[in-house]
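Structure first, commentary second.
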Amino acid sequence: MKVVVSVGGSVLVPAVESERVAAYASVLERLDAAGHELGVVVGGGPTAREYIETARELGANEIELDQLGVAATRMNARLLIAALDDRAAPTPPDDHETAREALRRGDIPIMGGTVAGHTTDAVGTALAEYVDADLLIYATSVPGVYDADPQTTPEATKFDQMTPGELVDVVVDIEMEAGSNAPVDLLAAKLLQRSGLQAAVIDGTDPEAVARAVDGTHDGTDIARRD
Ligand code: UTP
């Protein structure tokens, strides 16, 4: 199966230490050894946030802040590359073409962000579409997609499955509330809706959940068109 995994930075590198990254590398190596083709996009997490907040205080503009965010995602990607040793392409690809070439060579491309103005979930969604992935996994810090933000709405319920259009509607509603965090950002949800990809939103704080998503036994949210 061809699988693209978009891993949140706060999931892969909640703090700059090796344990979580090593656990992710071990799951990816297992999937690779089982014959799956893999592409990964890594988010910025707390490292990106700290740099962005500091640079904002120093007067950086939004594009400069995004550039710092991209740099942080690529540092996080390099941690995973270090853990995967020679199974990973040695440099985080700058664009989707380079990532696709790595996949064709049989390497695992580990991307970070690409250009200012979007997010790694969007980069991952575009990569999945570009390489015609069978499955796109969003490894997030929440157990799946809820009908409201579970942090502010305790009675929110989780979807076991939904269509990409329903995901867009939920994300729009959540993003309207200041300070709330959607499990997948709106741009990624719109790209997903356009692509028709099969996707899953899972709690990636347990790296084994990625293997369960590939097996189809995860307990997050499946996203697919209803034909
Ligand atoms: P992320 O996509 O990782 O956002 O990029 P995030 O909300 O911090 O996600 P988690 O915490 O990793 O799950 C971090 C920042 O990098 C910039 C944006 O500023 C984003 O907020 N970025 C990222 C870009 O400008 N372009 C990209 O392609 C990716």
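Every number for a ligand or one of its atoms is a count from 1 in the order of the listing.
Protein heavy atom nearest atom 10 (P) of ligand 1, with residue, atom name and distance: Gly9 N, 3.5 Å.
The CD atom of Glu101 lies 13.0 Å from the NE2 atom of His96; values are rounded to the nearest 0.5 Å. Taking CG from Leu68 and OG1 from Thr47, the interatomic distance works out to 12.0 Å, rounded to the nearest 0.5 Å.
In this structure, atom 2 (O) of ligand 1 has a protein heavy-atom contact shorter than 4.0 Å. Counting protein heavy atoms under 4.0 angstrom from atom 21 (O) of ligand 1 gives zero.
The ligand atoms of ligand 1 that sit less than 4.0 angstrom from a heavy atom of Arg49 are 11 (O). Each of the atoms 27 (C), 28 (O) of ligand 1 lies under 4.0 Å from some heavy atom of Thr114. Heavy-atom contacts of Ala116 reach the following atoms of ligand 1: 25 (O) (cutoff under 4.0 Å). Heavy-atom contacts of Gly113 reach the following atoms of ligand 1: 27 (C), 28 (O), 29 (C) (cutoff under 4.0 Å). Within the listing of ligand 1, atoms 28 (O) sit less than 4.0 angstrom from a heavy atom of Val123. For ligand 1, the atoms sitting less than 4.0 Å from at least one non-hydrogen atom of Gly69 are 15 (C), 16 (O), 17 (C), numbered in the order shown with element in parentheses. For ligand 1, the atoms sitting less than 4.0 Å from at least one non-hydrogen atom of Thr120 are 1 (P), 2 (O), 3 (O), 29 (C), numbered in the order shown with element in parentheses.
Inspection of the Thr221 and Tyr146 side chains reveals no N or O donor paired with an N or O acceptor under 3.5 Å. A side-chain donor-acceptor contact under 3.5 Å links Asp203 and Thr205. When only modelled atom types and interatomic distance are considered, Thr98 and Asp95 share a side-chain donor-acceptor pair under 3.5 Å.
Considering only non-hydrogen atoms, atom 8 (O) of ligand 1 lies nearest to Gly45 out of Ser141, Gly45, Ala122, Gly43.
Between Ala25 and Leu84, the shortest heavy-atom contact is O-CD2, 3.7 Å. Of all non-hydrogen atoms in Tyr138 and Thr125, the two that sit nearest each other are OH-OG1, 2.8 Å.
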Check the pair Arg74, Asp94 against side chain to side chain contact (heavy atoms under 4.5 Å, CB included), reporting the backbone distance first and the verdict last. CA-CA 9 Å; Arg74 294 169 65 80; Asp94 283 324; 2.8 Å; yes
Could you give me the CA-CA distance, side-chain angles and deciding distance for Asp185 and Val171, then say whether side chain to side chain contact (heavy atoms under 4.5 Å, CB included) is met?
CA-CA 7 Å; Asp185 64 74; Val171 170; 5.7 Å; no
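Residue-level proximity to ligand 1 for Val115 is carried by the backbone, the only part with a heavy atom below 4.0 angstrom.
On a distance-only criterion, Thr73 and ligand 1 share no N/O pair closer than 3.5 Å.
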